Amino acid sequence: MKTLWRTGPLLLALFLVMVTASQTVMAEPDPEELVLVVNPASGITSLQRTEVINLYMGRFRQLPSGTTALPIDLYDARPEFYRLLANKTLSEINSYWARLVFSGRASPPRQAQDAAEVLDIVSNNKGAIGYLRRKDLNDTVQVAANLAVWATEQTAQLEP
Amino acid sequence: MIKLTRNLPRALQVLPLLALLASTGLYAESDFTVRGFGTLGIAHNSSDGAGFTRDITQPKGVKGGTSGHTDSRLGLQLSYRPSDTWEATAQLVSHYNYDGKYSPDLTWGFIKYNPSEELELRAGRLGWDVYMLADSRDVGYSYLWVRPPVEYYGILQFSKLNGVDLVVRKPVGEGLLWGKLFAGEAADKLAIDEHSYADVGGSQLVGGHINYQLSEWQFRLGYTHLELGYDIKGDFGDLLDMLEASGNPVLTGIAKGATADATYHFMSAGIALDRGPLQAQLMYTYLDSESDMVPDFHSGYLSVGYRLGDWTPYMSFSIIAARSDIDMGAGTPSTAPLPPAFGTVNIAGINHPGQHTLSLGARYDFLPNMALKLQVDRSNVRREGRQWMLWRDIEADWNGRATLFSATLDFVF
């Protein structure tokens, strides 16, 4: 009894810390964060960062299922997307594409003007892949990755 | 400055405006697209001992002054893509060329068949893809430097071929393995001096390269076999004709030697790292020459750049050197022209000609489709190498050193 009396408050404190921590983890996701979306019929549940880089940088545009991929850019969110994906500025991405375009190798992703257009293209093309803000999601598409998580991984790699 | 403006063709002067008007051309979406790129550049050579050129197509160099010819260029691409599997593309580039003019050159003109992501076939006029980045040398906006390192990309180079190429891609492990095979005929005219050029058209070319792309790393190995044959035209061509018709066996021998066909093997290796703000490249080529007139060469460069905000400072060190153990043989004439791909050389006393350049610069990306670059180059040319490569109109007392200051405005539209 005496032991419990002494350790009780400690256990309680520990319990409170755990609850708070789990609440932080379970907290509502940021509605502004970018998520990667695919067509529900694509057979994809999640995509690795290197696969997405291959698709978006025109290196290899094929989904794991064998379908030809159709990557879509969300025009206004491009700077944030490429920073999260590869830590690259828009100028660097444009410069990269200049090399591929003017040596006849590949064309940049299709540009969508708003989230509605991304949803429209992705939900109507089995091979399409796009990104948009979480608040703009609907059930015609499927989330394949949370981009903010990759950015955290990148930071972790840089600071071992 | 006034002289510079007069020297540039009018079309080149209005281009920045055009670029601003159509700033998203790179991302154009329709069956038919029109895209372009360009560079407005000035280069100042502080040495009046020799004229600097960017590559072997330029007849006259910048010497003890400033020129807009060295780096300025303009490209236009028309592309028609009626389906996912077929594409037709033509690309014209206007730059200071072998004839001293800016007449547009057809650098690409091909039909592409792309049945799957794993296979791609092109036929027509294609870029010179013997080294990594070699087929986009004209697109200043696509790289950090004012111009690609001249020791590596300026010498021993053509720009295009008429032929076919085949690309095969396959994901392997975490990365992507891809390779290319090409075959065709060269289609270039190279300057010898202001009044002479060499037509290398018809030279046979077969080669390929294999690449492994692993996240931010790219590794590449390449091999090209070139059967070089050419005709020399203009004043120098007339001189050779005269020698050949002279009836004197020594002179006839010199003339024949100067235009003899020969086989060359290019072996190259490259590593590129592109990690966020860091861009680094290490390239190496060995030229194995079967010609009696041209020694074997090593060439390579190391380049490192790091982005800080909108500025990317960079440095590069590039070098070319002939193998030092070359034996030119006792019967070699004391003065003979090299095949024009290599410029003309005084063979007497040839030891191991070469040169190296240290470059420092910065690229400033002030618009999403336009960049300003500033660069300083310090070049050192070996005594025996002064009569060749990228230098024109050389003074006898030149010490082989030159400092270049360059500025360019690069854009895509």
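Here is how names work: the chains are called A, B, and so on, in the same order as the sequence lines, proteins then strands, and each is numbered from 1. All values derive from a computational prediction rather than experimental measurement.
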Review point. Looking at B:Leu176, B:Asp410, B:Asp84, B:Thr89, which one has more heavy-atom pairs under 4.5 Å with chain A than the rest?
Key: B:Leu176
Review point. Do any of residues 58-65 of chain A come closer than 4.5 Å to chain B, heavy atom to heavy atom, and if so which ones, in number order?
Key: A:Arg59, A:Phe60, A:Arg61, A:Gln62
Study note, to complete from the structure: Value for OG (A:Ser107) from CZ (B:Arg35), rounded to nearest 0.5 Å, stands at 4.5 Å
Exercise for review: First locate atom CD of B:Gln77, then atom OG of A:Ser103, and finally report the distance between them rounded to the nearest 0.5 Å.
Suggested key: 9.0 Å
Revision key, fill the gap. For B:Gly276 and A:Lys88, the nearest pair of non-hydrogen atoms, with its separation, is O-NZ, 2.7 Å
Review point. What residues of residues 128-135 of chain B sit under 4.5 Å from chain A when you count only heavy atoms?
Key: B:Leu133, B:Asp135
**Study point:** Residues of residues 108-119 of chain B within contact distance of chain A, non-hydrogen under 4.5 Å
**Key:** B:Trp108, B:Phe110, B:Lys112, B:Glu117, B:Glu118
Point to revise | Any residue of residues 89-102 of chain A which, by heavy atoms, sits under 4.5 Å from chain B | key: A:Thr89, A:Ser91, A:Glu92, A:Ile93, A:Asn94, A:Ser95, A:Trp97, A:Ala98, A:Arg99, A:Val101, A:Phe102
Point to revise | Residue, of B:Thr33, B:Asp365, B:Leu126, B:Thr107, that accumulates the most heavy atom pairs under 4.5 Å with chain A | key: B:Asp365
Practice item. Indicate yes or no: at least one non-hydrogen side-chain atom of B:Pro277 is less than 4.5 angstrom from one of A:Asn87. Key: yes
Study note, to complete from the structure: One option among B:Arg307, B:Arg81, B:Glu174 has the most heavy-atom pairs under 4.5 Å with chain A, and it is B:Arg307
Revision key, fill the gap. Counting heavy-atom pairs under 4.5 angstrom with chain A, the leader among B:Lys170, B:Arg122, B:Gln279, B:Arg363 is B:Arg122
Check your understanding: Looking at B:Ser215, B:Gly127, B:Ser79, B:Gly175, which makes the most heavy-atom pairs under 4.5 Å with chain A?
Key -> B:Ser215
Check your understanding: Is any side-chain heavy atom of A:Arg78 closer than 4.5 Å to a side-chain heavy atom of B:Pro368?
Key -> no
Check your understanding: What is the minimum heavy-atom distance between B:Glu120 and A:Arg105, and which atoms define it?
Key -> OE1-O, 4.1 Å
